[in-house]
Amino acid sequence: MLKWPNDLYLDKKKVAGMITNIVSDYLVCGVGVNLKSSDLEFASLDIEVDKKNLIKQYFINIEKKPSWKQVFSKYKLEFQRNQKFFTHKNNLRISLENAHLQDDGSIVVNGERIYSLR
């Protein structure tokens with residue numbers, strides 16, 4: 001599952017994370033995946049993965065340039081699975097139990113709109 005805003009979870013443990021930054025006119029994307037091993041607090045895919053093929057497929061999917069609507073509609077269906085997790089804002093831990101996902105990807109928690117700055 002995708003935990004808001006950018007973590008991938010397997011069961012209840014983080015197995016991967018994504019980060020994006022805009023630098024000048026470029027979008028820089030990074031993905032970290034625990035393929036074989038992980039810290040006790042995290043999970044790993046624990047399967048054989050051809051790293052070169054994984055990277056190749058990653059770029060093939062990016063080049064397809066799915067629309068925000070395509071990506072978001074799938075994510076929105078599973079957002080309720082985030083309720084067991086937390087996010088952080090200004091060094092504070094914020095429960096996602098009562099978070100409401102907005103159409104722009106932000107969430108509203110306790111009446112406050114929160115955007116990911118990642």
Can you find a pair of side-chain heavy atoms, one from Leu96 and one from Gln83, that are under 4.5 Å apart? no

Any donor-acceptor pair under 3.5 Å from Trp68 side chain to Asp104 backbone: no

Assigning hydrophobic clusters by single linkage (Ile, Leu, Val, Met, Phe, Trp, Tyr; side-chain heavy-atom cutoff under 4.5 Å), is Phe86 placed with Tyr115? no

Output for pair (Lys84 NZ, Glu97 CD), nearest 0.5 Å, gives 11.0 Å

Verify the cluster assignment for Val71 and Leu77: are they in a single hydrophobic cluster under the rule of side-chain heavy atoms below 4.5 Å apart? no

Among the clusters formed by ILVMFWY side chains lying less than 4.5 Å apart, do Leu35 and Val15 turn up in the same one? yes

Looking at Lys13, Lys14, Arg81, which hits salt bridge (charged side-chain N to carboxylate O under 4.0 Å, His left out) with Asp7? Lys14

Measuring from Gln80:CD to Met1:CE, what's the distance to the nearest 0.5 Å? 9.0 Å

When rounded to the nearest 0.5 Å, the distance separating OG of Ser106 from CG of Leu101 is 7.5 Å

Determine yes or no for a side-chain-to-main-chain donor-acceptor pair under 3.5 angstrom, with Asn110 supplying the side chain and Glu112 the backbone. no

Could you please spell out the steps behind the side chain to side chain contact (heavy atoms under 4.5 Å, CB included) verdict for Asn82 and Ile107? CA-CA 11 Å; Asn82 281 256; Ile107 57 173; over 6 Å; no

Would Lys76 and Asp103 count as a side chain to side chain contact (heavy atoms under 4.5 Å, CB included) if you check the C-alpha gap in whole Å, the side-chain angles of each, and the deciding distance to 0.1 Å? CA-CA 9 Å; Lys76 198 171 185 178; Asp103 288 338; 3.0 Å; yes

Below 30° counts as parallel, above 60° as perpendicular, anything between as tilted: where do the rings of Tyr75 and Phe79 land? perpendicular

Considering only heavy atoms from C-beta outward, does the side chain of Trp4 approach that of Ile114 to under 4.5 Å? yes

Looking only at atom types and distance, does a side-chain atom of Asn21 sit under 3.5 Å from a main-chain N or O of Val28, one as donor and one as acceptor? no

Heavy-atom closest pair (Phe85 atom, Lys12 atom, distance to 0.1 Å) is CE2-O, 4.2 Å

Distance col, row Asp39:CG vs Ser44:OG, nearest 0.5 angstrom, shows 11.0 Å

Rounded to the nearest 0.5 angstrom, the CG-NZ distance for Asn61 and Lys56 is 12.0 Å

Spatial distance of atom CD1 (Ile94) from atom OG1 (Thr87) [nearest 0.5 Å]: 6.5 Å

Does Val49 belong to the same Ile/Leu/Val/Met/Phe/Trp/Tyr cluster as Phe59, with side-chain heavy atoms less than 4.5 Å apart forming each link? yes

Establish whether Leu10 and Leu54 are linked, either directly or via other cluster members, by ILVMFWY side-chain heavy-atom contacts under 4.5 Å. yes

Which is it for Gln102 and Val108 under the side chain to side chain contact (heavy atoms under 4.5 Å, CB included) test, yes or no, and what are the steps along the way? CA-CA 7 Å; Gln102 305 301 298; Val108 173; 3.5 Å; yes

Ile22 atom CD1, neighbour heavy-atom count above 12 within 6.0 Å: no

Is it the case that the side chain of Asn34 and the backbone of Ala43 share a donor-acceptor pair, with hydrogens and angles ignored and the cut-off at 3.5 Å? yes

